[in-house]
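The next block holds one structure in the form of structure tokens; read it before the comments.
Fair warning: this is a prediction, and the values are worked out from it, not measured in the lab. First the proteins, then the strands, lettered A, B, ... as listed; each starts at 1.
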2 protein chains.
Amino acid sequence: MSEILVVGSVAYDSITTPSGKAERALGGSANYFSLAASLFSKVRVVGVVGEDYDQQDIDLLKNRGVDLEGLSKAPGKTFHWEGSYEGDLNEAKTLKTDLNVFEHFNPQLPESYKNSSFVFLANIAPELQLQVLEQVKAPKFVGMDSMNLWLTIKKEKVIEVLKKVDLVLINEGEAKMLTGAANAIAAAPLITDMGPRAVVIKRGEYGFAMYSREQGYFILPAMPIRTVIDPTGAGDTFAGGFFGYLAAQKEVPTVAHMKQACIMGSIMASHTIQDFSVRALAKVTLNDLEARLAEYRKVITI
Amino acid sequence: MSEILVVGSVAYDSITTPSGKAERALGGSANYFSLAASLFSKVRVVGVVGEDYDQQDIDLLKNRGVDLEGLSKAPGKTFHWEGSYEGDLNEAKTLKTDLNVFEHFNPQLPESYKNSSFVFLANIAPELQLQVLEQVKAPKFVGMDSMNLWLTIKKEKVIEVLKKVDLVLINEGEAKMLTGAANAIAAAPLITDMGPRAVVIKRGEYGFAMYSREQGYFILPAMPIRTVIDPTGAGDTFAGGFFGYLAAQKEVPTVAHMKQACIMGSIMASHTIQDFSVRALAKVTLNDLEARLAEYRKVITI
């Protein structure tokens, strides 16, 4: 088993969906990612929290064996995001973003992190993604996420990161923004032309479309879930399940491993959306995943 | 092989998409359905055209062995639809609808059609769907489509038709309208509760979600197509491929047959969208379908 280094946000979210509200609930890409990935692999977190960060939220990850040496505490408050979802839950409307301590985030890797084999650069500013990557000695497999904000104001920098990664996980709208393509299918090969070996386009309730230079498209639907409570963190959970699965394999990642990793990410994310914040994800067991995987196979099998 | 009776529109369409324009091009649900279904099975059409309907458009179906005894000619012009697609091509904007001879369509079955085993009630007014169904003696398998218009102004009548069919093919927005559900996954079992044995929810570029009372969900993505020229008729092509495949089997349709039929419908529709009007569909051969099916299997196989 190899270690996964993740850098991303650690946050409190206030979320409104048609199912209700969650106030100051645990969030942030690094939290969702770590909870998912730690079911399979050893995870190391780089991030920053404020003085208001609850000890129980630290303990939640510690109890899953997550290494938090790289999670620093800074004077001020933890990053806070406020958002709402309407109708079909496919897109969050941001109501308020308080960067707080995240504004001056300057990711420094503890010595012990520098030998990490797997690296996931969650959605943070592209220059910070590069700063983290430069500190890792000899990564075997690097993945990245991004978001519309960076594609609007720092697209050239995002493209610089793209050249240095093996895999991009990105949502459908972002894939179109990045490439100018009319749809996800056309966007995918244009993205691998920019450098990565493979891209996974996240399609929310419709599942995912992976494209690899070696084997082309691999597309599957999401696990059918009748009642979606809160889609926040589904993408980061997907990434966590994906990397957790991949790093748990003995071999260097092949496309076949990545396909299985997509399914694991998808199954993991199907739990996250069934409750607010990390509530459902924090409770998921390997047995739950096995059971849902068996259900999922029936759904997609002719 | 059993005969499929289809009742639906026969039309000329004027369509604008980001790829260009087609003026007064062959369209209508019955045409797309018949061209697709006739690759596998014998098709009988009930519909109406005006005095302006071109002989070459009659010949196109005749050459595929389609029975047109039930296609009547009325004084006046053929139904004409004008629409445009923007951006992601997921939804057509109707610019103009000239019902013309379709306004007084009163579907009467020729004697020779009344023993049809398979019936597809394409998107026409629900009372006309019922009128057609009442004239068929002992159908083995009946399917229907509908649209937002009828769900708005004649929902009770649509629900009456639903009670009499084995299968509904409907798009995602319509499935939510019909049931009030927040998503397609929640809508599906509510639709089978209304009567049909199974529902196929058409999800455009994302593929389809079938739900049967016997076996639950069966969900797969669409064949990846990089350049979509014109999505008009994709749903009716899906239905035609589905029914054509189903009627070509020796056995009474099982859920396993319906799963294969969904894939055939999906593969068939992936051709339709690659050109305007019925141009691509009219040229498709069984060899083309076989080849694309092999590609598709790779896309969805782990």
Whether over 12 other heavy atoms sit under 6.0 Å from Lys21(B) NZ: no
Spacing of Arg226(A) atom CZ and Asn183(B) atom CG [to the nearest 0.5 Å]: 10.0 Å
Exercise: identify the closest heavy-atom pair between Pro221(A) and Ile219(B): CG-O, 3.4 Å
Segment of Tyr296(B) engaging chain A (4.5 angstrom heavy-atom cut-off): neither
Glu172(A) CD to Glu205(B) CD distance, which is reported to the nearest 0.5 Å: 5.5 Å
Atom NZ of Lys140(B): over 12 foreign heavy atoms under 6.0 Å: yes
Under 4.5 Å from any heavy atom of chain A - which part of Pro18(B): neither
Most chain A-contacting option - heavy-atom pairs closer than 4.5 Å, from Ala182(B), Ala184(B), Ala186(B), Ala209(B): Ala186(B)
Partner chain A: residue of Ala222(B), Pro189(B), Ala181(B), Cys262(B) with the largest heavy-atom pair count (under 4.5 Å): Pro189(B)
Side chains of Ile263(A) and Ile302(B) in contact at under 4.5 Å (non-hydrogen atoms): yes
Taking every non-hydrogen atom, the tightest pair across Thr301(B) and Lys259(A): O-NZ, 3.5 Å
Polar contact flag, side-chain donor to acceptor under 3.5 angstrom, Tyr217(A)-Glu295(B): no
Contact check, side chains of Leu220(A) and Ile300(B), non-hydrogen atoms, under 4.5 Å: yes
Crowding at NZ, Lys298(A) (>12 non-hydrogen neighbours, <6.0 Å): no
